[in-house]
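Atom set for the values below is all heavy atoms of this structure, side chains included, hydrogens, waters and symmetry mates excluded. All chains are named by letter (A, B, ...) in the order of the sequence lines, taking the proteins before the strands, and each is independently numbered beginning at 1. Bear in mind the structure is a predicted one, so any value in this text is a computation, not a measurement.
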Amino acid sequence: MSALEAEYRLDYFEENDFVRRECPECGAHFWTRDHDQELCGEPPCVEYSFIDNPGFEGEYSLEEMRENFLSFFEENGHERVDPYPVAANRWRDDVLLTQASIYDFQPLVTSGKTPPPANPLTISQPCIRMQDIDNVGKTGRHTMAFEMMAHHAFNTREDVDSDEYAYHGEVYWKDETVEYCDEFFTSLGADPEEITYIEDPWVGGGNAGPAIEVIYRGVELATLVFMSMEADPEGEYELKDGNRYSKMDTYIVDTGYGLERWTWVSQGTPTVYEAIYPEMIDFLTTNAGITHTDEEAALLHSASKLAGHMDIDEAEDMESARGEIAAGVGVDVSELEALMEPMEAVYAIADHCRTLAYMLGDGIVPSNVATGYLTRMVLRRTKRLCDTVGVDAPLDELVDMQAERLGYENRDTIRDIVRTEVEKYRETLERGGRRVEQLAQEYAERDEPIPTEELLELYDSHGIQPDMVEKIAEEVGASVEIPDDFYSLVAGRHDAGEAMRDTEERDERVAELPDTEKLYYEDQTRTEFEAVILDVIDRAEGFDVVLDQTMFYPEGGGQPADRGTISTDDGSYAVSDVQEDEGVVLHRVEEEPEKGALVRGRVDPERRQRLMAHHTATHIVGHATREVLGEHIRQAGAQKGVESARLDVRHYDRIGREQVKEIERIANHLVRDNVPVTEEWPHRNEAEAEHGFDLYQGGIPPGERIRLIHVAEDVQACGGTHVSRTGDIGAIKIVSTERVQDGVERLTFSAGAAAIEATQETEDALYEAAAVLDVSPAEVPGTAERFFEEWKARGKEIEALTEELAELRAGEGEVVELGEATAVIQRLDADSDELRATANALVGEGKVAVLGSGADGAQFVVAVPDGVGINAGEVVGTLADRVGGGGGGPPDFAQGGGPDAGKLDEALEDAPDVLKRVLNA
RNA sequence: GGGCUCGUAGAUCAGUGGUAGAUCGCUUCCUUCGCAAGGAAGAGGCCCUGGGUUCAAAUCCCAGCGAGUCCA
C-alpha cells in the first residue's frame, strides 16, 4: 500500500469522473475515465496497441511534435526556455551527462538558492543515457539520445519567509499538472478514455514525492513527478526505498514527456527509430546496399511489430525472444537474424550519430576522462557498427547530418573532431591488430590457446576488444577462449581503492559571525583600509583574524590570497594567508591581536598587482585561444600566480608552435588596445539569456546576481580581482604548452614584469649556449646541428680506428700455447670497446684472447674461437674474482671486472694457469 | 582523478644484465631497350631524458618528458 495514497486523491480526478483501480496482474493503483478498465494498461500487463494504429489525429515528425508541445505550454502561461548542454558536469559535479530536464535546475534552483530562469517554464531538454547503449537498435524502443519535453513549476510553502528562498509562493501543483496532461492529449486528438494515470511514488537523489505514470495505448508517454520531500530519519513517510522522508519548504513540479515516444505513437511505426530517423535510415540502408524484397520487408515489419508487443526491456530478452518471433512470422531463426541484424545496426548508427552531435555540438572534446571518454566510446562503437554493416560514408558526414538537423552552428569543428578521432581510432586498431597478430602467431606455434591474462591486457592497456582478438587469432590459427565474466575480470584489475574524502566541518564560531564586507570589489586598485577586529580565533598555527570589512582577497577561483599587514596601536601583524568561509574572510597572522581593536590594513601592492595582471591575462589568453583554435575551447582549470599563470583548455589536438605564436599575437594585441576591463552584477537569468553558458568557465556561482567581467568581447562570471585596463598588463608571454591529459592542453604564461623576466630567462639560456659554442645567438641552431653531426661522425671514426688499432695490437701480448690452441694474454689500458675490438681481432686469427685493462678499475675481456674447449665466462669469473668483482657472458665471449686495479697484473700472470685448468674441463 | 602498457634505424617491431638486430624503405652496383621483379654490396642508432644499483644497463629501480589504453 502506498504511503502516499492520500496524495493521489485529486479534485481533478473527482470532478472528471475518474475511478481508482488496482491492477490484478501487477497490483499497481491507477486512475482512469474508463469505468470498465481492469488492467493498468502498461506492459507486461497489456501490449502495445498503437503500432500500425497511430494514436493521434495526425502524424508528427520530431520537430513538429517538439514545437507542438512547447507552444501548447506557452499558450498556457509557461515561458519557453532554451535547452541546457548535455554535458551536465558543466554545472554540477555529481553527474556527467544530462539525463532529465530537472538536471538543469539541480542543485541550485531546486534547493531554492537560485531562481529558475522562468516560473513556470517549458523546455525540451536533450538527454543522453549511456545505460541503454546495448539496447539501442535491438529492443525497438530504446534510444541513447532523447529529448525530454517538460514543464516545471517551482513552489514554496506560503508559511515560509518570502526572502528565505529565491522564489516564493505556489505557481500550481498536482491538479493543474494532470489537467495540462489531459488537455495536451486531447489537443492531439487522443481519446481521454484511453489514458491511464498510474500511482508510482518517485524516490531519487535524496528527494522524493508522489508521481504519476501516464500510459496511453500500452506505452508510457509521460511521468508527472511532484518533488516535495527530502530524506529525513525522523520523517513521517516511509517510501519504497525503505527510508523515511519529510516534506520540504519547496515543492516542485517535475514532468517528463518523451519526445521520441510521442512522435512514435503519432506515426504507429513498428520501431521508434523509423518514426524519428526516417531520412537517416534511408540514407544508411542505401549506402550499405541493404535491399529487401517486398516479402522480406513485410517479414521485418511483422517481426518488429511482434517484438513491439512483447515486453522487451533488454537486448538479451530480444535474443531469447527471437525464436518465438521467428515462429510467429513463420521463418527460420537464422533467416530472421540475417534480416534483422543489419537493420539493428542501422538503427543504432542513427541514434549514436545524434548522440555524438549533441555531445560534440555542446562542446565536449573526446579524451580519456569523464564526458570526453564517453564521447570517444560512443564514436568508436559507431565506427565499428558502420564497418560491420558496410556503411562507407565518412562518419563525420553522418554526424553532421544530425548536427545540421539539431541546428548546431559549430558544424565544421564537429566534423574536424570526428575526423581526428576516427583517424586516432584507425591507428589504435592498426597498432592493436599488429600486436594481436604477433601474439596469436606465437601461441599458434606453441599450439596453446591465448591465455585470458593476455586478453585482459590487450583490452585494458591497448583497447582491443576480445572479439577482435578472436577474429585475428582465427586467421592465424590460434585459439582463444573468452571467459563469460571478462568485463568483471577487467574491473578486478582496477582495484577499487576508494579515496578518502575529508569533509571539513564548518567552524561553529565562524558560522555565527556576520559576512565580511568585501572592499576589494569596490576599488580594486586601493590597497589600504580601516576596519574593526570582530574576532580572533586560535589555530594550530597562528591566529585567524575576522574583520568587519577587508581589502584582502581570499584564495579562490584559482587566484591565490593577498598578503600584507594589519596594524593596531599595539603593533603590526603580517598576514600570511587569507581564506573565506561562507562569506567570512579569515586573515592568518602569527601573533594574537586584541579583539575589538581598530586596525589599518595594508595589502602588498606589488603582489596584488601581479596577481591581477595574471588574472586578467588568463581571460585574455582564453579568449585568444578560442579565436585561434575554435569555439569549442573551454576552460578546464586555471591557476594564477605571481610569476606565471596557467590555463587548461579542452582541445582535441596538441597546440603547435605556430598556434602558440598566433595566440600570443592576439593576446598582446588586446593588451596594446588598452580596452577597459569592466564589471557588472546583472540578474543571472538576464546574463545567461544574453551570453549563454559559456559565462561559467570557472564554475557556477550561486545567487540571484552574478558578477561578470568584460574584457573586450570576452565575458565571464568571475569573482577575482582585475586590472582596470588591459594595457596595465604590459605584455603576455606564453612560456610553455603541455598535454596534461588527452584532450586537455595546459598553457603556461607570464604577464607584465613577469613576462619580461620569463623572456629573459629563455634568452639567458640561448646566450649561454651561444657563448659555449662561441657564435652569435642566431647561429646557435645551425652550429648545434653541425656539432651534433660532427660528433656522430667522429664517433664512427673512432670506432673504425679502434678496430684498426686492435688489429695492430693483436700481436703484442704474451703468447701461451695450450696444446692445439694458442692464447694471447695482454694488458692494454683502454676502454671496453677497445678491449672487445682487440679480442675480436685475435679470435679472427684463431687465437684465444685474454685481455685486461686498468683504465677504469680493472676490466677483462676473454674471447674464444670456435672449436676450442674453453669457457670464456668461467675464465673471466675467476680473473674478476681476484680484483674484487665479477663477470660473465656466453662461452665464446665474456666480460668482467672489479674495482681493485692494483691486482690486475697479478691476475693476468695467473691467467695461463686458469686457462689450462678450464681447458676441456 | 586512478590503474595498466609502450618510447630501440626513415617506418613497423625483436632484443634473456655481458659485441646493437630483423623486415620494409633508402643509396650504389649487377641483370634489363625500359619498368616491375631478382641478385650483390652499403649507408642509416646520444636504444626518450636525468639520476640510482652493478665490474658491466637498451635490459633492473626511481623521477621526468612523450604516446596509447581502460575505469570512475
Interatomic distance, [X] [atom1] vs [N] [atom2] [rounded to whole Å]:
X	N	atom1	atom2	value
Asp94(A)	rA72(B)	CG	P	16 Å
Tyr425(A)	rA67(B)	OH	C1'	19 Å
Glu789(A)	rG44(B)	CD	C1'	11 Å
Asp742(A)	rU69(B)	CG	C1'	10 Å
Gln859(A)	rA56(B)	CD	P	8 Å
Lys792(A)	rG44(B)	NZ	P	9 Å
Phe860(A)	rC55(B)	CZ	C1'	10 Å

Original post:
With a non-hydrogen cut-off below 4.0 angstrom, is Ala370(A) in contact with a base, only sugar-phosphate, or nothing?
Top reply: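 Result for Ala370(A) = base.
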Original post:
Reckon Thr428(A) touches a base, only the sugar-phosphate, or nothing at all at heavy-atom distances under 4.0 Å?
Top reply: sugar-phosphate
Find every protein N or O atom lying less than 3.5 Å from an N or O atom of nucleotides 48-51 of chain B, and list the pairs.
none

Original post:
Do any side-chain nitrogens or oxygens of Arg739(A) fall under 4.0 Å of OP1 or OP2 in rG68(B)?
Top reply: yes
Subject >> Within 45° cone of Tyr696(A) ring axis and under 6.0 Å: Arg90(A) NZ or CZ >> reply: no
Mind checking side-chain contact (heavy atoms from CB on, under 4.5 Å) for [X] and listing every partner two or more places apart, or none if nothing turns up?
X	result
Pro912(A)	Glu814(A), Val816(A), Ile825(A)
Val490(A)	Leu456(A), Tyr459(A), Asp460(A), Phe486(A), His494(A)
Glu790(A)	Arg786(A), Arg794(A)
Ser736(A)	Thr748(A)

Original post:
Who passes ring pair (Phe, Tyr, Trp, His ring centres under 6.0 Å) against Phe788(A), sequence neighbours left out?
Top reply: Trp791(A)
**OP:** Using a 4.0 Å cut-off on protein heavy atoms (strictly under), produce a 5'-to-3' string for nucleotides 12-26 of chain B with B for base contact, S for backbone-only sugar-phosphate contact, and - for none.
**Re:** SS----BB-------
**OP:** With the side chain of Lys796(A) defined as its heavy atoms from C-beta on, choose the nearest nucleotide among rA67(B), rG44(B), rU69(B).
**Re:**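 Of the options given, the side chain of Lys796(A) lies nearest rG44(B).
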Subject >> Distance, C1' atom - from rA9(B) to rG50(B), rounded to whole angstrom >> reply: 24 Å
Original post:
With Thr762(A), which residues qualify under side chain to side chain donor-acceptor pair (under 3.5 Å), at least two apart?
Top reply: none
Original post:
Which residues satisfy the side chain to side chain donor-acceptor pair (under 3.5 Å) test with Arg657(A), sequence neighbours excluded?
Top reply: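 Partners of Arg657(A) by the side chain to side chain donor-acceptor pair (under 3.5 Å) criterion come out as none, since no residue qualifies.
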Subject >> Dot-bracket notation for RNA chain B, counting Watson-Crick and G-U pairs under 3.5 Å, with | for partners on another strand >> reply: (((((((..((((....[..)))).(((((.......))))).....(((((..]....)))))))))))).
**OP:** Only pairs at least two apart or in different chains count here, so list each side-chain hydrogen bond (donor to acceptor under 3.5 Å, both in side chains) that has a residue in residues 823-845 of chain A.
**Re:**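 Residue pairs with at least one partner in residues 823-845 of chain A: Arg809(A)-Glu834(A), Arg827(A)-Asp829(A), Arg827(A)-Asp905(A), Asp833(A)-Arg836(A), Arg836(A)-Gln895(A), Glu845(A)-Lys847(A).
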Original post:
Among pairs that include at least one residue of residues 887-898 of chain A, which meet salt bridge (charged side-chain N to carboxylate O under 4.0 Å, His left out), considering only residues two or more places apart or in two chains?
Top reply: none
